[in-house]
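As the structure lists them, so they are numbered: ligands from 1, and atoms in each ligand from 1. Here, residue 1 is the first one in the sequence, and each next residue gets the next number.
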Amino acid sequence: MSFSAESLLWLLLPLAAASGWLIARLDARRQIRRQFDLPAAYFKGLNFLLNEQPDKAIEIFIKVLEVNSETVETHLALGNLFRRRGEVERAIRIHQNLIARPTLDRDQRSYALLELGQDYFKAGLFDRAENLFLELAEVRAHSEQALRLLINIYQQEKEWEKAIQTSRKLARISGKPMDDVIAQYYCELAAEALAKHNLSAAREHARKAFSADGKCVRASILLGDIEAEEGRYREAIRAWQRVEEQDAHYFGEVAHRIADAYRRLDDEQGLYQFFAGALKRHAGVALTLTFADIIKQREGLKAAEDFVVDWLRTHPNVHGLHRLLELNLEQAEGAAKEDLTLLKGIIEELREQHQGYACQECGFKGRSVHWQCPGCARWNTVKPVVEENVRLAKAAS
Ligand SMILES: [Zn+2]
């Protein structure tokens, strides 16, 4: 393990600050002794650090900074620093050393336990971390943070029922509603049940997701998927249609599902009417492209081309251009086909930049929908990117 000059500085800063403060408070006799002792220990510790022996350095520093009410903060800072650097075992040693001291007051002990729990979490020792946080959740001063950390564990372990209970408790204590996140936990349970073809359980979880958050888009999508799995395509369409009222940005997520369900019902007329109507309310890309497919099936290639060209006149955008090239390619031959293929390749690269999903909190970008952001672990922050040059017309405004 190597220490850079910068990390060395970071390590010494709290020590320097604490020792300076200590010295100022001590009487003259002890001051002389401390001034004499501290540099010697410092240099010894420094030497170990420079020789890449941080464990020995920690021992020295722990000895120099005897645990008392004035140096607890420094120990905590040091432990925290090691955890942040990913040196979890060292952080655990520092925090365990701290907790073993009988001189700590109750508050300091709780704080050190909270830190130790986070070390365990980072080390993947979830059971130990959970036990500590459960204990701390009962200590009023730390309960909010302990509950948050417990939720992290349950998410990591996919223990959604526990995550729900703990979130309800946290919402009560903090006064901040967590209904949208709780709905996501129910959706996780519904998705798990659906994957196992346990449709009644899946339906029950989706229903609970709705009662937690009536605007939960994912619950509508899941409920539609459950209905479709049972062959109830009309009900599936109804569930997916709810997405339009909940958050029209996600309408593209269900457009192909709705189209597919109408086709399974062999209801070409219903399919056409629904998308013609939806298109009047919204000008989203996925919706328009789905409608272009419907026109192609219904009226042929030429009609679909005309539709896309009309769309491009009012809303110039790469997605429409790409579809137009695809339609043209279907009837092109020889050199024209080669040119069009080349052009399509270029447009595809452009299109990549204008589609996908982005987290509104941390900027994470992805190709598929994520209900929990893989970047910052927040829920409901990854949204479909609203395509450039294509406005989302306001429904019924
Ligand atoms: Zn994020």
Side-chain angles (χ1 to χ4, degrees), residues 80 83-86 88 114 117-124 126 129-130 133 144-171 173-192 195 205-206 209-210 212-222 225 243 246-255 284-286 319 350-388 390 392:
N80 198 309
R83 187 174 65 244
R84 275 165 200 265
R85 292 163 48 103
V88 188
L114 200 60
Q118 290 175 78
D119 299 338
Y120 285 150
F121 178 75
K122 194 147 185 186
F126 294 143
E130 184 186 0
F133 295 147
E144 227 180 286
Q145 203 180 350
L147 290 171
R148 267 182 230 288
L149 292 163
L150 273 172
I151 291 169
N152 278 352
I153 295 177
Y154 298 142
Q155 285 185 174
Q156 195 83 21
E157 299 274 82
K158 300 191 184 301
E159 295 196 53
W160 306 115
E161 296 281 7
K162 283 187 182 176
I164 292 166
Q165 287 165 18
T166 312
S167 300
R168 290 204 200 284
K169 205 167 171 183
L170 177 59
I173 289 175
S174 68
K176 290 177 196 138
M178 293 187 65
D179 297 333
D180 60 329
V181 177
I182 289 169
Q184 286 290 344
Y185 296 147
Y186 278 120
C187 286
E188 289 288 340
L189 287 167
E192 272 174 18
H205 292 309
F210 273 130
D213 176 15
K215 279 190 151 331
C216 183
V217 166
R218 190 184 180 190
S220 298
I221 297 177
L222 278 165
D225 290 350
V243 173
Q246 289 173 318
D247 185 346
H249 290 111
Y250 284 97
F251 208 22
E253 288 299 314
V254 290
V285 166
H319 308 275
L350 261 174
R351 195 180 57 157
E352 299 285 293
Q353 298 163 17
H354 292 282
Q355 67 180 16
Y357 301 81
C359 175
Q360 295 178 326
E361 290 291 332
C362 75
F364 165 87
K365 283 192 172 66
R367 305 302 310 275
S368 56
V369 67
H370 288 279
W371 304 106
Q372 184 183 21
C373 175
C376 65
R378 289 185 179 87
W379 295 87
N380 297 315
T381 56
V382 180
K383 305 264 180 190
V385 174
V386 179
E387 306 87 350
E388 254 175 48
V390 180
L392 197 67

Is the shortest heavy-atom distance from the side chain of Leu170 to the side chain of Arg148 under 4.5 Å? yes
Atoms listed for the Zn ion (ligand 1) (protein only, N, O or S, under 2.8 Å, no waters) are Cys359 SG, Cys362 SG, Cys373 SG, Cys376 SG
State, with a plain yes or no, whether a side-chain heavy atom of Ile221 is found less than 4.5 Å away from one of Val254. yes
Between Tyr250 and Trp371, is the ring centre distance below 6.0 Å? yes
More than 12 foreign heavy atoms under 6.0 Å from NZ of Lys383: is that the case here? yes
Under a 4.0 Å N-O cut-off, is there an ion pair linking Arg218 with Glu188? yes
Does the distance from a Lys or Arg side-chain N to an Asp or Glu carboxylate O, for Lys215 and Asp180, drop under 4.0 Å? no
